[in-house]
Amino acid sequence: MVFTTWPFAFFMTFVFIVYWWLVPRGFRAGFLLLASFGYFTYNYPPHAILLALLTLFVYSLGFLMLRIRPQIKSAEEADGALLEPLSPSVDLRLRYKAMLVAGLIVCAGILAFYKYSGMIAATLNALFKPLDIDAAIPIPKLLIPIGISFFTFEFIHYLTDLYLGRVKRASLLDFSLFAFFFPSLISGPIKRFQIFQEQTESLGGFQTTYLAEGMHRIVLGLAKKIVVADTANLFTTALNSPSGSSRLSLWIAMYAYAIKIYYDFSGYTDIAIGCAQLLGYRLPENFNRPYRQSNLTKFWNNWHMSLSSWIRDYLFIPLGGSRGSKLRTMINLTLVMAICGLWHGANWNFVAWGLWNGAGLAFLRVYSAAMSKKSIPDTRAMRWLSTAATIQFVCFGWVLFASPDLPAALLSLRRMI
């Protein structure tokens with residue numbers, strides 16, 4: 001049930017009316033969960049069961065971790081400052097950490113199984129072919145659950161923050177609503193449980209601002225998607241067949257895709273935020289004029305911001321962030337952006353797109369450090385030049401992102417330059 005279809009418009013209208021005026025206040029969370037489950041089931045029922053089982057698993061694991069955490073504190077106080085290797089507190093901390101690791105493996109494993117098993121099999125077959133190995137690995141034909149990249153990242157965030165003591169106890173209803181919340185289920189933004197839980201607990205009655213602000217964002221999102229993104233998409237076809245396309249058509253397609261992907265994704269985000277506002281919730285913003293930023297770091301701080309902040313908090317910082325040497329920081333940047341590319345799609349051109357941006361961020365660190373002691377005029381012309389260079393770097397990356405595969409992307413870039 002895509003946001004830009006009439007069935008979703010009828011569904012959203014029905015939920016909005018029933019939610020505020022027909023369901024008692026104490027039952028609204030339950031009704032919204034039921035509506036969200038129905039929305040997900042409408043697309044493919046077995047995947048709704050999968051998400052329900054994964055939600056129950058993550059919640060149960062978190063419940064056990066919350067029960068162990070006070071025991072760890074009590075055991076550490078009993079052990080004193082000097083802990084014996086086999087003391088009760090050490091044993092509890094090991095169990096506590098093992099639960100986190102198990103939860104992360106299950107969530108990441110389900111994402112990898114559905115989204116990347118075909119890519120892995122195809123890659124291995126391509127490697128075996130030059131070696132004259134007859135055994136071919138069958139490529140699984142799996143239907144990828146919609147929103148799997150988003151809800152698995154949200155579960156990883158929940159378990160990690162719970163492990164660090166940042167999450168308080170919640171009911172199964174509240175956590176299930178967080179997992180199934182239909183406005184953000186398909187295309188984000190990636191939510192944080194603590195903020196969502198606070199909004200659920202503090203939600204009061206209907207306010208006219210919910211309707212005014214929500215409809216404003218929905219109409220804006222529809223305009224972005226239907227008027228701008230779909231029109232720009234008509235000029236991107238050259239990237240799908242670069243061998244038969246002229247240089248000019250490829251350059252036009254590159255810039256058209258840059259317009260298309262921004263207005264398409266930000267349009268969907270606006271609709272998601274607007275639908276959430278109709279229900280009294282505020283989802284995190286995802287875009288803040290990214291094409292007006294003067295360097296690549298600022299671009300990524302303003303592009304798909306919920307994902308960028310997730311990568312920073314749960315990948316870049318745990319890997320060491322910027323605390324190590326310059327080389328280590330550059331490696332961390334490149335690695336997390338490669339993972340970011342793989343998150344977007346199960347193909348090597350997405351990995352190349354991530355590496356391209358990672359290399360750009362790493363180079364920017366070196367360049368900024370080298371130029372920190374030099375006086376660069378902060379003029380309007382210099383800012384425009386920096387912004388233009390940033391946009392062009394990003395656009396070359398979109399060629400890697402938009403192409404059907406890596407050879408096609410490299411052919412497009414070779415014919416363009």
Side-chain angles (χ1 to χ4, degrees), residues 1-3 5 7-8 11-12 15 19 28-65 99-100 102-118 140-162 167 170-197 199-200 268-269 271-272 275-276 279 281 283-284 306-307 310 314 342-346:
M1 197 186 302
V2 181
F3 285 167
T5 60
F8 179 79
F11 170 78
M12 186 67 234
V15 171
Y19 176 77
R28 283 176 186 160
F31 168 75
L32 192 52
L33 174 60
L34 184 63
S36 297
F37 184 81
Y39 173 83
F40 199 77
T41 305
Y42 175 87
N43 291 279
Y44 190 63
H47 289 165
I49 298 174
L50 170 69
L51 179 54
L53 292 174
L54 186 59
T55 300
L56 184 60
F57 167 77
V58 172
Y59 177 79
S60 301
L61 192 62
F63 181 80
L64 293 175
M65 292 172 67
M99 288 181 178
L100 170 67
L104 298 183
I105 290 175
V106 169
C107 293
I110 289 176
L111 175 62
F113 172 74
Y114 276 101
K115 196 168 183 178
Y116 305 114
S117 55
K141 303 295 183 180
L142 297 173
L143 185 61
I144 302 175
I146 57 173
I148 189 171
S149 298
F150 290 95
F151 64 71
T152 50
F153 268 30
E154 289 182 348
F155 287 157
I156 290 172
H157 135 72
Y158 172 78
L159 289 172
T160 303
D161 279 17
L162 189 148
V167 173
S171 66
L172 178 59
L173 173 61
D174 287 350
F175 182 74
S176 299
L177 180 57
F178 166 76
F180 274 94
F181 190 63
F182 73 87
S184 63
L185 185 63
I186 305 303
S187 57
I190 300 174
K191 308 183 298 295
R192 299 294 175 104
F193 177 74
Q194 301 91 317
I195 299 174
F196 188 86
Q197 184 184 28
Q199 294 184 45
T200 301
Y268 270 111
T269 300
I271 297 172
C275 290
L279 302 171
Y281 287 85
L283 295 176
S306 64
L307 175 62
W310 192 100
Y314 302 103
L342 192 61
W343 179 86
H344 280 85

Interatomic spacing from [atom1] in [X] to [atom2] in [Y] - rounded to 0.5 Å:
X    : Y    : atom1 : atom2 : answer
T152 : I156 : OG1   : CD1   : 5.5 Å
T5   : F3   : OG1   : CZ    : 9.5 Å
Y59  : L64  : OH    : CG    : 10.5 Å

Heavy-atom side-chain contact between [X] and [Y] under 4.5 Å:
X    : Y    : result
P145 : L50  : yes
S117 : L142 : yes
H47  : L143 : yes
F40  : F182 : no
Q199 : L283 : no
V167 : M65  : no
L32  : Y281 : yes
V58  : V106 : no

Closest approach of G103 to L61 (non-hydrogen atoms, all atoms of both residues):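 Of all heavy-atom pairs spanning G103 and L61, the closest is CA-CD2, 3.4 Å.
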Distance-minimising heavy-atom pair for F37 and A52: CE1-CB, 4.4 Å
Whether over 12 other heavy atoms sit under 6.0 Å from I195 CD1: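 Incorrect, the count does not exceed 12.
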Residues in salt bridge (Lys or Arg N to Asp or Glu O under 4.0 Å) contact with D161, at least two apart in sequence or another chain: R166
Test side chain to side chain contact (heavy atoms under 4.5 Å, CB included) applied to Y268 and V2, step by step: CA-CA 10 Å; Y268 270 111; V2 181; 3.2 Å; yes
Among all residues two or more places apart in sequence or in another chain, which pass the side chain to side chain contact (heavy atoms under 4.5 Å, CB included) test with [X]?
X    : result
I186 : Y39, I146
L56  : S60, L172
L173 : A29, L33, S171
S149 : L111, K115, W343

Sole candidate of Y158, F150, F155, F153 that passes ring pair (Phe, Tyr, Trp, His ring centres under 6.0 Å) when paired with W310: F153
Qualifying salt bridge (charged side-chain N to carboxylate O under 4.0 Å, His left out) pairs with a residue from residues 175-193, counting only residues at least two apart or across chains: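 Sorted result for residues 175-193: E154-K191, R192-D313.
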Whether H157 and Y314 hold their rings parallel, tilted or perpendicular, with breakpoints at 30° and 60°: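 It falls in the perpendicular class, over 60°.
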Plane angle bin for F181 and F196 - parallel if under 30°, tilted between 30 and 60°, otherwise perpendicular: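 Because their plane-to-plane angle is over 60°, the rings of F196 and F181 count as perpendicular.
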Side chain to side chain contact (heavy atoms under 4.5 Å, CB included) evaluation trace for F8 with C275: CA-CA 11 Å; F8 179 79; C275 290; 3.7 Å; yes
Trace of the side chain to side chain contact (heavy atoms under 4.5 Å, CB included) decision for R28 with T200: CA-CA 10 Å; R28 283 176 186 160; T200 301; over 6 Å; no
Pair L307-H344, side chain to side chain contact (heavy atoms under 4.5 Å, CB included): steps then yes or no: CA-CA 11 Å; L307 175 62; H344 280 85; 3.5 Å; yes
